Amino acid sequence: MEKMTDLVAVWDVALSDGIHKIEFEHGTTSGKRVVYVDGKDKETFTVGAAETKATINIDAVSGFAYEYTLEINGKSLKKYMESRSKTTNTRVLHLDGQDFPAVLEKDTMDVWCNGKQMEAAGEFVDDGTETHFSLGKHDCYIKAVSSGKRREGIVHTLVLDNRETPETPE
């Protein structure tokens, strides 16, 4: 890729399949606009395995000065990340000397690990549900149990080889 001389904005977007870098080039004199997602030039603009829709808004502030904002699924990046923190639960698993980011999408109960959607099987248990999946030779499950408190809702716990793992902030 040639050197981006008109690079005006860079964003990192954390999705279930990993962190994606979005770069925006804008030639203010030529009018040329190029969006790069993970280093690839994109005309149509989706991010990640789930093809999440993204838009760059360009607003002239004065003369040749512009302001650039990134929207994900129609929300500002900040609002998108705030709503995402409510609908996902993220952990980093330490397995066989490596770190594997694991994301639970609470609305669909989909499990993503290391950027790939895992085959998972859900089952009801006495106090909630368990969503089972495997990582290599390791057995994992996510236990969802009511907190008993309306404001807290459901508590999700990731169990790896019969040990609970702590939650990781995104």
Side-chain angles (χ1 to χ4, degrees), residues 1-95 98-120 131 133 135 142 144 147 149-158 165-170:
M1 179 167 66
E2 62 191 63
K3 185 168 173 5
M4 291 184 262
T5 53
D6 296 320
L7 187 66
V8 293
V10 178
W11 300 275
D12 287 321
V13 180
L15 299 175
S16 295
D17 65 333
I19 295 175
H20 298 277
K21 183 179 279 305
I22 296 171
E23 298 164 294
F24 182 55
E25 219 182 296
H26 185 202
T28 50
T29 50
S30 68
K32 177 182 162 200
R33 299 170 182 185
V34 184
V35 175
Y36 296 95
V37 178
D38 298 329
K40 296 182 181 70
D41 180 354
K42 285 275 190 181
E43 283 300 312
T44 58
F45 192 18
T46 60
V47 184
E51 298 194 351
T52 305
K53 288 194 181 347
T55 307
I56 293 177
N57 294 313
I58 305 158
D59 298 302
V61 271
S62 65
F64 288 103
Y66 296 88
E67 186 176 275
Y68 307 93
T69 53
L70 178 67
E71 284 183 1
I72 305 291
N73 273 348
K75 296 178 184 168
S76 72
L77 181 58
K78 183 176 189 281
K79 288 242 186 302
Y80 175 79
M81 295 313 285
E82 284 169 1
S83 71
R84 188 174 154 69
S85 70
K86 293 177 186 130
T87 60
T88 61
N89 196 297
T90 303
R91 305 275 199 275
V92 175
L93 305 177
H94 305 287
L95 295 177
Q98 285 185 285
D99 288 349
F100 293 93
V103 178
L104 166 68
E105 293 181 355
K106 297 177 196 175
D107 50 353
T108 59
M109 293 304 287
D110 288 339
V111 178
W112 292 74
C113 194
N114 221 23
K116 293 185 177 56
Q117 189 171 353
M118 307 305 292
E119 272 189 47
T131 304
F133 61 100
L135 274 174
I142 296 169
S147 65
K149 297 178 189 127
R150 182 180 229 152
R151 287 186 186 270
E152 288 178 35
I154 295 175
V155 176
H156 294 86
T157 308
L158 176 64
T165 62
E167 187 167 355
T168 310
E170 279 198 51

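Starting from 1, each residue takes its place in the sequence as its number. Just so it is clear, the model here is predicted, and its values are computed rather than measured.
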So, taking the atom named [atom1] in [X] and the one named [atom2] in [Y], what distance separates them when rounded to the nearest 0.5 Å?
{"X": "Thr157", "Y": "Asn89", "atom1": "OG1", "atom2": "CG", "value": "8.5 Å"}
{"X": "His156", "Y": "Thr131", "atom1": "NE2", "atom2": "OG1", "value": "7.5 Å"}
{"X": "Lys53", "Y": "Asn73", "atom1": "NZ", "atom2": "CG", "value": "8.0 Å"}

Any donor-acceptor pair under 3.5 Å from Ser147 side chain to Gly153 backbone: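 Present.
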Return all side-chain donor-acceptor pairs below 3.5 angstrom for residues 54-72, not counting sequence neighbours, or 'none' if the list is empty.
unit_1	atom_1	unit_2	atom_2	d
Asn57	ND2	Glu71	OE2	3.0
Tyr68	OH	His26	ND1	2.7

Salt-bridge present (Lys86, Glu82; N to O < 4.0 Å):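 No, this pair does not count.
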Side chain to side chain contact (heavy atoms under 4.5 Å, CB included) assessment of Thr28 paired with Asp6: CA-CA 8 Å; Thr28 50; Asp6 296 320; over 6 Å; no
Indicate the atoms forming the closest heavy-atom contact of [X] with [Y], along with that distance.
{"X": "Arg84", "Y": "Ala14", "result": "NE-O, 3.0 Å"}
{"X": "Leu135", "Y": "Met118", "result": "CD2-CE, 3.7 Å"}
{"X": "Tyr80", "Y": "Ser83", "result": "O-OG, 3.0 Å"}
{"X": "Glu23", "Y": "Leu7", "result": "CB-CD1, 3.7 Å"}

Please report, to 0.1 Å, the donor-acceptor pairs under 3.5 Å made by any side chain of residues 15-22, with sequence neighbours excluded.
unit_1	atom_1	unit_2	atom_2	d
Ser16	OG	Glu105	OE2	2.5
Asp17	OD1	His20	NE2	2.9
Asp17	OD2	His20	NE2	3.4
Asp17	OD2	Ala49	N	2.7
His20	ND1	Asp38	OD2	2.6

CA sep, side-chain torsions, deciding dist, call: Leu158, Leu104, side chain to side chain contact (heavy atoms under 4.5 Å, CB included): CA-CA 9 Å; Leu158 176 64; Leu104 166 68; over 6 Å; no
